[in-house]
Each structure stands twice: as C-alpha cells, then as structure tokens.
Amino acid sequence: MFRKYWMLTLFPLQPESEVFEITDFTTASEWERFVSRVEEVLNDWKLIGNNSSKPPEKGEYTSGTWEEKTQDINFADFKFSVTHHCLKQESEEGEGKEEPEEDAFPTAMQDLLCMNNDFPPRAHCLVRWYGMREFVVISPGANCEAVISESKCNLLLSSISISLANTGCQVPMFVQIQQKWRRMYHGECQGLGVRTDFEMVHLRKVPSQYNHLSGLLDIFKSKIGCPLTPLPPINIAIRFTYVLQDWQQYSWPQQPPDFDALLGGEVGGVEFGKLPFGACEDPISELHLATTWPHLTEGIVVDNDVYSDLDPLQAPHWSVRVRKADSPTCLLGDFLTEFFKLCSKKESTEEILGRGPVEDEGKDDISHALSKLTEPTAVPIPKLSVSNMVHSARKRIRRHRRVDESPLSNDVLNSILLYLFPDAAIDKSSSENSESKASQLNTDGKPEEKESDDYNLYNQLKSAPSDSLTYRLALCVCLVNFYHGGVRAVAHLWQEFVLEMRYRWENNYLVYGLASGSPDLRCCLLHQKLQMLNCCIERKRARDDGRKTAEGGKERERGRERKVSGATGTENGRLGPESAEMGREVSPGKSWDSWSDSEGEDEFFECLSDTEEMKEAGSTDGEKGGAKVAKPDGRLHPHGKLTLLNSQEPLYIPVTQEPAPMTEDLLEEQSEVLAKLGTSAEGAHLRARMQSACLLSDMESFKAANPGCTLEDFVRWYSPRDYVEEEVVDENGDTVVRGDLSARMKIPGNMWMEAWATAKTTPARRQRRLFDDTKEAEKVLHYLAVQKPADLTRHLLPCILHAAILKEKEEESVEDILSVRKAIQQATSHASKLLRHPSPDYKKLEDVITQLIAVETVIARSRSLKAKFGIGKAEQGDNAEDLERFVSSLLEEPEVSVIGAGRGPAGSIIHKLFVSAQRAALLAPLDEDTGRGGGADDKKPMGGASVPDFPPPAGREILLRTCVPRPAPYSKALPQRLFCVLMREDFRLAGAFSSDTSFF
C-alpha cells in the first residue's frame, strides 16, 4: 500500500488527453508504403513474369498503335504518375502462348539488339533511344517539383528495384529525374539471373574528344569493360540530319495583299463573287534530310577529328520530313475569321454610321414632301412616291457625309451594287426588254449545275443557292469587311441594300437573283425574307397589270358604244373615277376567265360598298327582265364530266386565291398563337376558324362560279374522299349510284358546314385578299432595316461557310488529296448539324472554321511542295508520277524514304536545293546566278574556296550495339547498347548495360 502511494506521488495520473502516442517502429514507413503501391500497380496491370512475343516487324514502331495507361500514386504528400507504354501487336495469341525458356532473356533485352526499328520518326524518346516496345515510367505529378537531389533519385531507383524483385516483373521501369525539359530517365530491368541498368548523360556542349565516332567507341568500350582480348564486333548505325531553311531556288508564288486596290488586290484572284485562297507565306518552313548508314562495323568506317568517310551523298538510305509553319497566314481563313468576329458586335447601323444634322434635315424633307402631296402643283403625283423621297434622302446623306466618314467610296459601292443587281445595268428606257432580261437572268441556269451535289449543298447547310442574291451579298459583305473598313463598311453596304429593296418595292422591280415562288424553307431566313418581298412585288405587279388591262378593255368598249350611239349617250360617256371603277368590275369587254388565262395572276380588290352592290344587282335584274338569276363569275374550267347535283349544269373549278406565302419565322409565330389557344372546345373552335380562312375563300369562289350549288358539290371537288357514293335500288327496282357526305362532315358544329353557311357568292377577284402584299412587304422592309451588322452576319454565316466549302472543293480537285476530301466531308457534316438547329452554337461553328482553315493550309502546303519539286513541269518526264506520290506522302506521313537515295529523282532535286542554299548563303553577292542554277556536279564556285554541297549536320545520332559477357569472362553474353545524340547545344548518351547476376 505504501509502495502504491509512493508510485502515485512520484508519477501522478495524467489526464487522458495528455497521454503520448507511442510510435510503433514495426509498422510500414512512407517509403515502404510507396514500394507497396508500385507493386500493386504492377499486379493490377498484370505485368508479372515474362510474356514472350515475336520480334517487331520493320517500321512497326511507327505504323503500329501504342497504348498508354496511367495511375497516380503518392510518396507521403508528393504525387507521382505511373504510366505504362505498350505497342499493341496483332497475332499474339498463336505465337505468344508458347512457354518461354527458363533462361530466356526479358523481351526488353532482346529489343536492345533488334535492328528493325532504328531511328523511328514518331515514337516516345525512350523507344528511340532504347528500342523497347514496352516499359513503365514513374514521373512527378503535373504540379510537383522535379526530382533533382541525388538522395531522392537513389531512393526512387531503390524503390523500383525492390518492386521489380518482389513482383518478378520483367518490364523495364524508369524514373524521370531532373527538369522535365531535359528528358532524363534512369531505370532498371530484371530477369532470371540478369539485370539491365539504363543510364543517361546530358550536357549542353559536346566535349571535343567525343565529337566523332572514334571517341564514342572509346566510351562504349570502357563502359562495358569486356575482359575478352578479341573484343566482339560492335554494330554501328549512324544517322545525320541536314536542315534546309532557305528556299533560294523557289520563291513562294503568293503575292502579299494590296489593301489600297479598289477591289481588294490580286491575292488569290480576289474579286466580287470569289473568295481568296492560299497562304501569304510559305507554309513549309524547313526540310529535314536524314542520311542513314544502318549497318556498319568499326573497321569499315573512319570518323575522327581529322577525317570522316560519312559523306551524305554516299549514304545508302535517305529519308525526308518537312517542318510545317505554325499557323501560316491564309487568306480564306482570315476572311472567315474576321467575318465571324462581326457576330459579337452589338452596335446598330445608326450607332455605327452616326446620326447628325442629316437626320433633322431628313425630317424636314418628309414634312415638306407631305405638304407637296396636298398642295396643288403641276408635278405628277407618281414622282412624289416614298421611293423618290428615299432616294432624295440617300443623295442628301451622301452629300452631307464627309469623305472621311464614308466607309465605302462611290466607286466601290457602285461596283458592289452592279454586281449584286446586274439588271440595273440594263437600259431602263425599254422597260419590257429589261424586265424580260431580268426574269431570264433570274431563272436561267445550267441544268447540270443545278442538279449537282455542290449546287444542292445549300440544302444541307441551310444557306442559299450559289447563284442567288443572298449568296452574292454574303460574299460582298465578307469582302468589304476585310478590305474596306470592317463593321462600318458592312453597315454602309447594308444601308444601301435596304434602300435598294425599298426602291424596287415602290417601283415594281423584281429583286434579281431569287427563284420565283413561295419562300424556300430550306434556305436561311434572310433568303426567305427576300423571296417574300419578291412575292409581294409579283402580286403587286399582277394587280397593277390587271387593272391596266381592265381599263384598256373599258376604253375599247366605250369607243364601240360611242360609234353605235353617237355622242348623245351621257351615261356611257362618263370618264369619272367611279365609272372607271365600275367598268373594271362589270366590263363585258374582258371576262375574268380570259384575264386569268392571259396574265397568270389574280386581281384582288376589297369588297364593294353596299350601294355599289345594289346598283350592280339592279342593273343585272333590269337586263334579265326582272328575273333574279345569278350570273356565273370566276370560272376556270369544267371539272371533268361532273355536273351539279341539283341541276345538269357542269361543275366548274373556280378561280381561287393563292395561299399566302410564309417564312419560317411567320410559321413559327402562327404555330405559337394556335398553341396558346389551348385544348378547350372554345379554343379548338377558334383555332379551326383561324385555319379556315383559305377554305372560306374557296367556298365563296365556288359559289360564284357554280350558282345553285350545294356543300356536297363543293366537297366533290375540294375533298372527294368525304363524298361517299354507293349503289342503291330505287323505287322502280333500278340500281343507281347515290352519294352523301362522310360521317365527319355530318358532325354537328362541323366547320365546313358553318363556313358554307357564312360564305357569300363572291368571286376571287372581289374577295378580301388572303395575302396582303403591301402589309407583308412593309413588314419585310422593316425587318431588314432593323437588322444590326451582327444580325446580318449571323444570317449570312451559312452562306459564307457554303462558299468556303465550295472554294476548297474547287481547289482540292486540282490537287487531288484524299485526306483533304475526307476533312471537307467532315467539316460539311459538322456544319450541317449545327446550322440546321434553330439557334446554332457559335462556339462550335468556330470549330468548323478552324477545320476549314486546316484544309486550306494542307492544300497550300501541297502547292508549296509541288513548286519546290518542280511537279507540273515538262522536263520531269517519266518521273512525274513518282514525284507526285513522294510529295503526297510528305503531307500525310511523318517521314518518307527517298527511293534511290541521293541518286533518285527526288534525291537529285533535294541535292540541288541544298547546293543552291549553300551557294546563296556563302557566295550570293559574287555569283548569284550560278547559285540558283547549281547542279550536283557544280562544286567549284568563284574564289577558289571549296563550298560543301551540304551544311554541317544539325543533328548526329550514333547507335552502338554489341553482346559481351559482363561483368566476368564466364558470365553470360548479354546485350549492351549506347545511343548518342550530338547536336549544336545538346549532347546525350543513353546507355543500356546488362550484367549477369548469377555468375559474377
């Protein structure tokens, strides 16, 4: 008890929160956890053991498919990424299932000596340096610092060594150290009784003693430390790369744009109606020639600090790659990009062009014009139309606008307007000829072109036909935006365009370049609006022409009546407006049938007043002697052999009003209004009444053409399925055919019955117009006037993309590049999906423009290479096809072999290019002509100095391989490899040195 008290006194009890945590050093540390995570990754990816496979085929590293898998792991709070790189090989099932030999080397060690894929043009740097088809890399995470200290590097190398030993993985594993731009990797590969260490040296400058083959051989021999006195032969592969940057012999043919020219210069043939095409700079910046000696031995070649046998012209293998300019300036791409930027503008036309004293003066002019209309004056009334006021305002605007405020000069503006409206160049004095020519220009077109896929491309893109006014307007807007002042020039052109539309409406001139008929809903909305305006002008012209024809017939009738009755008749001799109007309505000199047949259009008036109707009815009754018999009116032609049910009179098809043309926005607006009526009975009834306006008009026309008709007669013509005929037996026992309305026509409250009951006997020419062309034209003109430049750009963007695709198809047909054709099809399909959406995604449309720019760049590169290799010239002869195939391969493949090396047709041209560049660089001031025409044998320039045909190599790659026992003479003979890279400011040695871990 005393001891317990003493212990409590010396060591009093502490609160529970102050108890220290005892560290158990038997648990795993962070380093052990890291090793364990690496082993888990290797097991998850099934990289355990040796999976033997056949040797890779020649070129398989470039043409094959590489697979990558990545997983993140942590070392304490430091993140690493583990990535598995593997070449996917086919036909592994048959040969790969064979059990490997017990003492077989790992696959990576076998790849060290394989010569089928030396210097692959497109592969991971470790594949190029070590020739492996499978490996694992551990590298620091994206935002983590590099592993630089030696202790950390050794810790990571120890980690992968333990992981490989514990798991039995024979796939080589690397650790990335130092800064990422240095591409420094150290690694290890373990097999059964063998191990390969991957080491690397990276320096800024090449040491002088190692600047040639002999010095590198000394390094390799000292490193492998072979104890055998006759050293096994060392296999050598050498590759020198020469860079051609100065194209002296061939200049880039594209001229720079002339921004001061009237029509935008001569670049790419820029003119109204054609988009420019081509690169303003050479899209091929460099040509890299790789000369390779694939199989050499130490005694065959000499390369030291005094002498070298490595002459590029004597190399057995040449390969070429081109370095493409990064985003070269292309004309079509610039046009599309600048045009697309207008979509983000928010200013209106008035805000861009400004409102000054011109607006106030314009207001005074309008009020003055209205006073002129009411004052007695000798000026003819037609000259005081709204269009004349518009044109006088246009002249006043131009007169008061200063020269520096006009984005477009008069010459440019007149050229654009004449291009848009070529019918304006026709002499206006002969109006009939001008109209016939304009209509001919509107409708004529080459049938084979209109049936082609390129012509019908507007259906996919929802743009406009390539021969339409909307299409030409898009090209002009794009042109003036790029060359003549940007958004201000676009606003100016649009203002003039709207004024021209107003002028044509007021003066009954058809809009040139639009197909006749209702708006084509397959086209863009702006094209539909212009077609709607043309419909209004056509209806207005038809009405005016019909009025003139009726007045002429009335005048001729009056003349005949004067001859019969002399000058005493006062009733028929009145020339007042009332009698003239009546003459147009009831003139027997020209019937409605003959007028409709000759003119092809309908004449519509508002209904006459009750007084006029009573007068007309009274005169008709007087003529008939009091018999109230309705007179047929508005007949077109008999409907076959059908007769009226209540009489034996033929059933006539009436002259009816044409349905009102609609644009897609009006259709959408109408559908929204009908949808808002709801599903109630009252709403459905009101919806049916709104939709039956055309039906009511046709019923009134039918009643006027067929006096005494019934609803059954109308249904027999209008909806034959709703008149059901059946054979029945009458009272006399005879079989007769009797008809009756269908069941749906007999439903109480049927709209057809209600409309028939309310329909008056009114011919189409006296009905209220279903299509008010005046109202619709003013709506279209107002719609055009309120469009901002950004709105106009969005309307015309489909047309510009359409024009760009057609231009690229035209240019590609000359070059014949398969990849370009596929790219154009993909861009067209992509644009079609976006543009047919009611509200296109303009971010995605920008991607379409990027695709088109890429296509233009490829075509420009093709033309550049063809110019450099002289394709298309007569002196090429039989080698033309080989050269064309060679150039096409340069565009699509990373590296192309030169057939015949320096002695083949392509090699000779490449040699001449290098010779010309060398002469121009060293002796151009002395002998410029000789430098441009230098050949392969012309090696003695002026001055006696020897100018080499090739510049010093930009890069030298030397690959040394052998198989020797290491580290002891009785060890296994294992593969050893050293890859050397010598550049101006880069020296790299990548070595793979194998050793025997069983017999050492």
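Because the structure is a prediction, the values reported are computed rather than measured.
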Item to check | salt bridge (charged side-chain N to carboxylate O under 4.0 Å, His left out) evaluation trace for Arg765 with Asp633 | outcome: CA-CA 10 Å; Arg765 61 190 176 88; Asp633 197 356; 2.7 Å; yes
Item to check | CA sep, side-chain torsions, deciding dist, call: Leu792, Lys788, side-chain contact (heavy atoms from CB on, under 4.5 Å) | outcome: CA-CA 6 Å; Leu792 175 65; Lys788 299 178 181 179; over 6 Å; no
Next on the checklist: Between Phe421 and Tyr512, is the ring-ring contact (aromatic ring centres under 6.0 Å, His included) condition met? List the steps.
Outcome noted: CA-CA 6 Å; Phe421 308 103; Tyr512 173 83; 7.8 Å; no
Next on the checklist: Please determine whether side-chain contact (heavy atoms from CB on, under 4.5 Å) holds for the pair Leu479 and Leu475, giving the CA-CA distance in whole Å, both sets of side-chain angles, and the decisive distance to 0.1 Å.
Outcome noted: CA-CA 6 Å; Leu479 185 71; Leu475 296 177; over 6 Å; no
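Not counting sequence neighbours, Lys703 has no partner by the salt bridge (Lys or Arg N to Asp or Glu O under 4.0 Å) test. Applying the salt bridge (Lys or Arg N to Asp or Glu O under 4.0 Å) test to Glu810 and every residue at least two apart in sequence or in another chain returns nothing. Listed by chain and residue number, Leu644, Ser647 satisfy the side chain to side chain contact (heavy atoms under 4.5 Å, CB included) test with Glu649 (two or more places apart in sequence, or in another chain). Lys540 pairs by the side chain to side chain contact (heavy atoms under 4.5 Å, CB included) definition with Trp505, Asn508, Arg543, Asp544, Asp773, not counting sequence neighbours. Residues passing the ring pair (Phe, Tyr, Trp, His ring centres under 6.0 Å) test with Tyr652: none are found, sequence neighbours excluded.
In this structure the side chain of Leu801 reaches within 4.5 angstrom of the side chain of Leu845, judged on heavy atoms. Between His527 and Lys462, the closest side-chain pair of non-hydrogen atoms is not below 4.5 Å. Counting only heavy atoms from C-beta outward, the side chains of Tyr419 and Cys476 approach each other to under 4.5 Å. Here the side chains of Phe497 and Leu530 are in contact, with some heavy-atom distance below 4.5 Å. Side-chain atoms of Tyr509 and Asp423, non-hydrogen and from C-beta on, never get closer than 4.5 Å to each other. Considering only heavy atoms from C-beta on, Tyr471 stays 4.5 Å or farther from Cys523 through its side chain. Counting heavy atoms from C-beta outward, Glu776 and Leu666 have side chains that approach closer than 4.5 Å. The side-chain heavy atoms of Cys536 and Thr774, taken from C-beta on, include no pair separated by under 4.5 Å.
Residues Cys478 and Ile800 approach most closely at CB-CD1, 3.6 Å, considering heavy atoms. Closest of all the heavy-atom pairs between Cys709 and Trp756 is SG-CH2, 3.6 Å. Heavy-atom minimum distance, Lys529 versus Val780: O-CG1, 3.5 Å. Residue Ser348 comes nearest to Pro789 through the heavy atom pair C-CD, 4.1 Å, listed as atom of the first residue, atom of the second, then distance. Heavy atoms only, all atoms of each residue included: Gln531 and Pro519 are closest at OE1-CA, 3.3 Å.
Pairs of residues two or more places apart, or lying in two chains, that qualify as side chain to side chain donor-acceptor pair (under 3.5 Å) and include a residue from residues 791-803 are Ser463-His802, Tyr783-His795, Gln787-His795, Asp791-Arg794.
A salt bridge is absent between Arg472 and Asp467: the closest approach of a Lys/Arg side-chain nitrogen to an acidic carboxylate oxygen does not fall below 4.0 angstrom. The pair Glu778-Arg502 meets the salt-bridge criterion, since a charged nitrogen lies less than 4.0 angstrom from a carboxylate oxygen. At a threshold of 4.0 Å, the pair Glu538-Arg541 does not count as salt-bridged, since none of the basic side-chain nitrogens sits closer than that to a carboxylate oxygen.
Among Asn456, Leu457, Leu806, the single residue meeting the side-chain contact (heavy atoms from CB on, under 4.5 Å) criterion with Ser466 is Leu806.
Of the inter-residue distances, the one linking Asp713 atom CG with Leu642 atom CG reads 9.0 Å to the nearest 0.5 angstrom. In this structure, Arg768 CZ and Thr762 OG1 are separated by 13.5 Å, a value rounded to the nearest 0.5 Å. To the nearest 0.5 angstrom, Ser701 atom OG is 12.0 Å from Arg766 atom CZ.
A perpendicular orientation is assigned to the rings of Tyr718 and Trp752, their planes being inclined by more than 60° (bins at 30° and 60°). Between Phe702 and Trp717, the ring planes lie parallel to each other; the angle is under 30°, not in the 30° to 60° tilted range.
The backbone N or O of Glu754 lies less than 3.5 Å from a partner atom in the side chain of Thr758, making a donor-acceptor pair. The backbone N or O of Tyr503 lies less than 3.5 Å from a partner atom in the side chain of Asn507, making a donor-acceptor pair.
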